[in-house]
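No experiment lies behind these values; they were computed from the predicted model shown.
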Amino acid sequence: MQELLEKTLFDTSYREWLIIVGISVGVTIALAAINRLLVWRFASFAKRTRNRIDDYVAELFKKTKLFFLAAVGLYATLRFAEVSDGVQTTIGRIAFILLLLQVAIWGNHLITVYIKRYRELKLEEDAGAVTTIQAVGFVGKLILYTVVLLLALDNLGIDVTALIASLGIGGIAIALAVQNILGDLFASLSIVLDKPFVVGDFLIVGDHMGSVERVGLKTTRLRSLSGEQLIFSNSDLLGSRIRNFRRMFERRIAFEVGVTYGTSKANLIEIPGIIQDAIEGQENTRFERSHFKTFGDSALIFETVYHVLVADYAVYMDIQQDINLKLVDAFSAKGIEFAFPTQTLHVEPIEASVEIVGDGSA
């Protein structure tokens, strides 16, 4: 037995290898115990908070694999053991590959958990956004695995420069072939993450308007007021000037009232107060100003500005209608007449004259 322990493997005796393995197992068990403790602590802490970060950290600790802990334990032990440089290098490469594999598992799990939670929150109200996030998640996983594979090959001493160059050339060719699709895909991602609008918002885009029905990978679909569906590519939509009326918190209203030129000065002085009383008598309004603005072609123009404190268009129309009816009653009681387009034609008489032409001979 003593002779067997004195034999060497890679310039290190079996006795030393047994010590290294024993210490590595002990370190691995300790790391596994610490990992389980951290999982329990973060899981219990996550239940008491609304913050998602601690949830994700707990998920990472849950997905920490035993082979990764064993590789860390062995590598840490070898750093303090008397082994050859070749053994150190080989074990270091193996540990690095296992680290990359663990990173891939962590990244894959984080992407999966995020998509799952996003799906649970958004599926009913915005299925298109869920589809976009799932597609982006697939692309993210593909990029993650590609990077891990390239790093692993490079760690093994394989020259990946030519491979990366080939992937770059191929990627450029594919990108040029599907640049419109990729543009719409990234625009869809921008819409989902930046949220300039969401499903249900009422938008005006150029001459078109409608409510957002769906945000897809390539197109966004609106339902117009007249009933037809409007379809915009995502990149064109983000490149346009969008007016989002659902984000309106209050509505500023400016309107004009014209009265006839025969209106007395006393009535002209009273009109701004009459308009103010009509507005302040409404709920959900804030009066700003009312002034005798200008002399129009056929009317004396008063301009009024007020705010409707809710964004609902139907509420605004009800308020404006009631204001108009009150003005009709108030003006009628004061004898003030609303103006309408008129023209006055002045006709001047022209005296007739007769010119006699001749030499006066009989």
Considering only heavy atoms from C-beta outward, does the side chain of [X] approach that of [Y] to under 4.5 Å?
X    : Y    : answer
Q102 : L98  : no
E288 : Y306 : no
V148 : L101 : no
I275 : F255 : yes

field: With sequence neighbours excluded, residues passing side-chain hydrogen bond (donor to acceptor under 3.5 Å, both in side chains) with H291
entry: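 With sequence neighbours excluded, H291 shows a side-chain hydrogen bond (donor to acceptor under 3.5 Å, both in side chains) to no residue whatsoever.
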Donor-acceptor pair, [X] side chain versus [Y] backbone, under 3.5 Å?
X    : Y    : value
D201 : V198 : yes
T219 : V215 : no
D154 : L150 : no
T263 : L268 : no
T146 : L142 : yes
T112 : N108 : yes
R93  : I97  : no

task: Working to the nearest 0.5 Å, report the span between NE2 of H109 and NZ of K141.
output: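 Answer rounded to 0.5 Å: 10.5 Å.
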task: Give the intermediate values and the outcome of side chain to side chain contact (heavy atoms under 4.5 Å, CB included) for residues I253 and H307.
output: CA-CA 6 Å; I253 310 300; H307 297 262; over 6 Å; no
message: Test side chain to side chain contact (heavy atoms under 4.5 Å, CB included) on F202 and L222; report intermediate values, then the result.
response: CA-CA 9 Å; F202 186 85; L222 277 64; over 6 Å; no
Geometric class of the Y261/F295 ring pair [parallel <30°, tilted 30-60°, perpendicular >60°]: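 The arrangement is parallel - the two ring planes meet at less than 30°.
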message: For F302 and F292, I'd like to know if the aromatic rings sit close, meaning centre-to-centre distance below 6.0 Å.
response: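 That pair passes the under 6.0 Å test.
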message: I'd like to know if R286 pairs up with E280 as an ion pair, taking the criterion as any Lys NZ or Arg NE/NH1/NH2 lying under 4.0 Å from an Asp or Glu carboxylate oxygen.
response: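 Salt bridge between R286 and E280, a charged N being under 4.0 Å from a carboxylate O: no.
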query: Are any of the side-chain nitrogens in E213 or R221 under 4.0 Å away from the carboxylate oxygens of its partner?
result: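 Salt bridge absent between E213 and R221.
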message: Run I323 and Q282 through side chain to side chain contact (heavy atoms under 4.5 Å, CB included) and show every step you take.
response: CA-CA 8 Å; I323 290 173; Q282 307 295 319; 3.9 Å; yes
Side chain to side chain contact (heavy atoms under 4.5 Å, CB included) evaluation trace for V310 with Y316: CA-CA 8 Å; V310 294; Y316 150 63; over 6 Å; no
- prompt: Does the side chain of T285 come under 3.5 Å of the side chain of E283 through a donor N or O and an acceptor N or O?
  reply: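 Their side chains do not contain a donor-acceptor pair, so the 3.5 Å distance test is not met.
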- request: Mark yes when over 12 heavy atoms from residues, nucleotides or ligands other than Y313 sit less than 6.0 Å from its OH; otherwise mark no.
  value: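 No - once you tally the heavy atoms of other residues, nucleotides and ligands closer than 6.0 Å, there are 12 at most.
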task: Would you mind listing every salt bridge (Lys or Arg N to Asp or Glu O under 4.0 Å) that reaches into residues 293-309, with sequence neighbours excluded?
output: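 Passing the test, one end in residues 293-309: E256-K293, R289-E303, K293-E303.
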